[in-house]
Amino acid sequence: MPELPEVETIARGLHTRVSGDGIESIWLGGKPEPLKSPAHEIAATLEHTRILTVRRVGKHIVFDLAPNNVRSKKAQPAQAQWIVHLGMTGRLQVCDPQSEVLKHTHAILKLKSGRELRFVDPRRFGRLSVAHGFDAGGIEPLEVDLDRFINLFRGRKTPIKSALLNQKLLRGVGNIYADESLFRAGIRPRRRASTITRDQLAKLMTSVKEVLKEAIVLGGSSISDYVDADGEEGFFQLQHRVYGREGEPCLVCKTPIKRIVIAGRSSHYCLKCQK
DNA sequence: ACTATGTCCTGCGAGC
DNA sequence: TGCTCGCAGGACATAG
């Protein structure tokens with residue numbers, strides 16, 4: 001379940017592997033593919049371009065593309081981008097053309113280097129699209145300053161957990177890191193966002209950044225493991241303090257961790273440590 | 001303008 | 001052993 005740190009790690013790994021390579025052609029699988037842009041538009045935008053950079057924006061992976069045929073005298077359109085959202089189970093693998101095409105492979109790019117870049121996604125929550133001047137909305141949590149952070153939650157009656165998951169506010173925080181951040185900040189997930197004090201929000205912002213940074217560091221050491229074919233291996237895990245620990249003792253006070261459902265998502269917290 | 005809820009999709013593991 | 005069922009959850013559509 002890739003959230004910001006996982007996507008960051010994957011994007012970095014892909015950048016070292018495929019930036020500078022050319023895209024010769026793209027195959028898009030069967031009928032109802034997880035596409036946000038029409039297939040012909042994706043193909044037209046990608047084919048015969050070169051990958052300049054691969055980077056992360058929120059939970060999106062952005063491939064910046066350079067046109068190969070730059071002979072037009074007319075003004076060049078804004079730079080084209082291929083946008084990949086991994087959803088829950090999406091993977092991008094760089095592999096040899098001979099290697100077995102996995103079930104649920106939805107896209108295959110033939111690269112100039114002879115390798116292939118494949119998009120595999122069993123659950124099909126992932127999305128492929130193209131853009132010119134991509135804007136994901138929201139603010140990068142690792143770049144936000146305190147004033148803007150506090151502003152995000154002003155007047156919002158929704159539970160703070162839901163606000164953290166809202167990608168239009170902060171982009172990149174998902175279910176796991178939301179729970180972990182709230183635990184570190186001592187705030188219960190159901191607390192209405194607007195009722196949280198400045199000081200608590202300052203703590204929350206610090207916690208969010210800490211948790212994400214720690215996870216990125218952990219991921220950095222295992223890049224090579226899961227950009228590769230067998231992907232699954234090496235999905236790093238931050239030592240979760242609450243997520244997935246229902247009933248287990250809080251690592252601080254030994255109180256059993258509670259699990260509740262907020263907006264359809266499981267949420268974990270310590271009754272005693274979080275208020 | 002917000003907020004809450006349902007839906008998509010498949011694989012896996014718990015429980016009988 | 002083999003089956004059913006619930007759950008995982010990001011983003012969007014829809015309704016209130």
Side-chain angles (χ1 to χ4, degrees), chain A residues 1-11 28-38 56-62 83-92 101-107 118-131 134-141 151-182 189-196 208 212 215 226 230-233 235 237-238 240 242-248 257-269:
Chain A
M1 35 206 107
E3 300 183 27
L4 185 151
E6 290 83 1
V7 178
E8 174 73 28
T9 305
I10 291 166
L28 294 165
K31 356 253 133 116
E33 289 312 306
L35 307 180
K36 268 172 94 177
S37 307
R56 177 195 62 78
V57 175
K59 294 176 194 168
H60 303 267
I61 300 171
V62 177
I83 315 296
V84 179
H85 194 299
L86 297 173
M88 276 285 292
T89 53
R91 299 193 191 299
L92 284 165
V101 175
L102 299 177
K103 201 174 166 187
H104 307 299
T105 297
H106 304 294
R118 300 179 184 170
F119 176 66
V120 186
D121 184 15
R123 216 167 289 177
R124 304 212 290 183
F125 276 23
R127 288 292 176 266
L128 306 181
S129 60
V130 290
F134 175 66
D135 175 21
I139 305 178
E140 281 293 329
N151 244 318
L152 291 176
F153 305 108
R154 183 163 291 162
R156 293 192 181 270
K157 297 199 204 104
T158 198
I160 184 64
K161 168 78 182 275
S162 299
L164 285 175
L165 293 179
N166 184 345
Q167 303 295 297
K168 298 262 178 288
L169 303 178
L170 283 182
R171 59 185 190 216
V173 178
N175 203 38
I176 297 174
Y177 297 114
D179 278 6
E180 294 298 315
S181 301
L182 287 168
R190 266 215 255 262
R191 273 280 295 282
R192 304 277 142 183
S194 60
T195 69
I196 302 175
V208 168
L212 295 176
Y226 61 91
D230 292 335
E232 197 72 35
E233 188 115 19
F235 239 111
Q237 304 241 318
L238 193 66
H240 301 146
V242 285
Y243 184 83
R245 299 193 62 243
E246 181 185 12
E248 293 174 39
I257 297 300
K258 247 182 109 56
R259 175 184 177 275
I260 59 177
V261 174
I262 299 174
R265 303 242 158 70
S266 64
S267 304
H268 312 74
Y269 71 101

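Sequence lines set the chain letters: A, B, ... in the order given, protein chains first and strands last, and positions in each chain run from 1.
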Q.
By nearest atom, which of the nucleotides B:dT10, B:dA4, B:dC2 is closest to the A:Thr158 side chain?
A. B:dA4
Q: Identify whether any heavy atom of A:Arg259 sits under 4.0 Å from a base atom; if not, whether one sits that close to sugar-phosphate; answer base, sugar-phosphate or nothing.
A: sugar-phosphate
Q | Side-chain (A:His85) to main-chain (A:Ile83) donor-acceptor, under 3.5 angstrom | A | no
Q. The helix from B:dC2-C:dG16 to B:dC16-C:dG2: angle between its terminal axes, five pairs each, to 10°?
A. 40°
Q) Just one of A:Val62, A:Val7, A:Asp135 clears the side chain to side chain contact (heavy atoms under 4.5 Å, CB included) bar with A:Val57, so which one? A) A:Val62
Q. Less than 5.5 Å between centroids and less than 30° between ring planes, does A:Phe125 satisfy that with C:dA11?
A. no
Q: Kindly point out which of C:dA8, B:dT5, C:dA11 is positioned nearest to the side chain of A:Arg265?
A: C:dA11
Q) Does OP1 or OP2 of B:dA4 have a side-chain N or O of A:Arg156 closer than 4.0 Å? A) no
Q: Assign the ring pair A:Phe134 / A:His60 to parallel, tilted or perpendicular, where the plane angle (0 to 90°) is split at 30° and 60°.
A: perpendicular
(Q) Please confirm whether the shortest side-chain N or O distance from A:Thr89 to OP1 or OP2 of C:dA8 is below 4.0 Å. (A) no
Q: Examine B:dA4: is either OP1 or OP2 under 4.0 Å from a nitrogen or oxygen in the side chain of A:Arg192? Give yes or no.
A: yes
**Q.** Value rounded to 0.5 Å, distance of CG in A:Leu128 from CG in A:Leu86
**A.** 9.5 Å
Q: Give a yes/no on whether any side-chain N or O of A:Lys59 is located under 4.0 angstrom from OP1 or OP2 of C:dA11.
A: yes
Q.
Under 4.0 Å between a side-chain nitrogen and a carboxylate oxygen: does that hold for A:Glu140 and A:Arg171?
A. yes
Each nucleotide N or O in nucleotides 11-14 of chain B that has a protein N or O under 3.5 Å away: list the pair and distance.
residue, atom, partner, partner atom, Å
B:dG11, OP1, A:His104, NE2, 2.9

Q.
Determine whether a donor-acceptor pair (N or O, by modelled atom type, separation under 3.5 Å) exists between the side chain of A:Gln167 and the backbone of A:Gly172.
A. yes
(Q) Once you apply a heavy-atom cut-off of 4.0 Å, does A:Ser266 come out as touching a base, just sugar-phosphate, or nothing? (A) sugar-phosphate
Q) For C:dG10, does OP1 or OP2 lie under 4.0 Å from any side-chain N or O of A:His85? A) no
Q) Is it the case that A:His268 and A:Asp179 place a side-chain donor and acceptor less than 3.5 Å from each other? A) yes
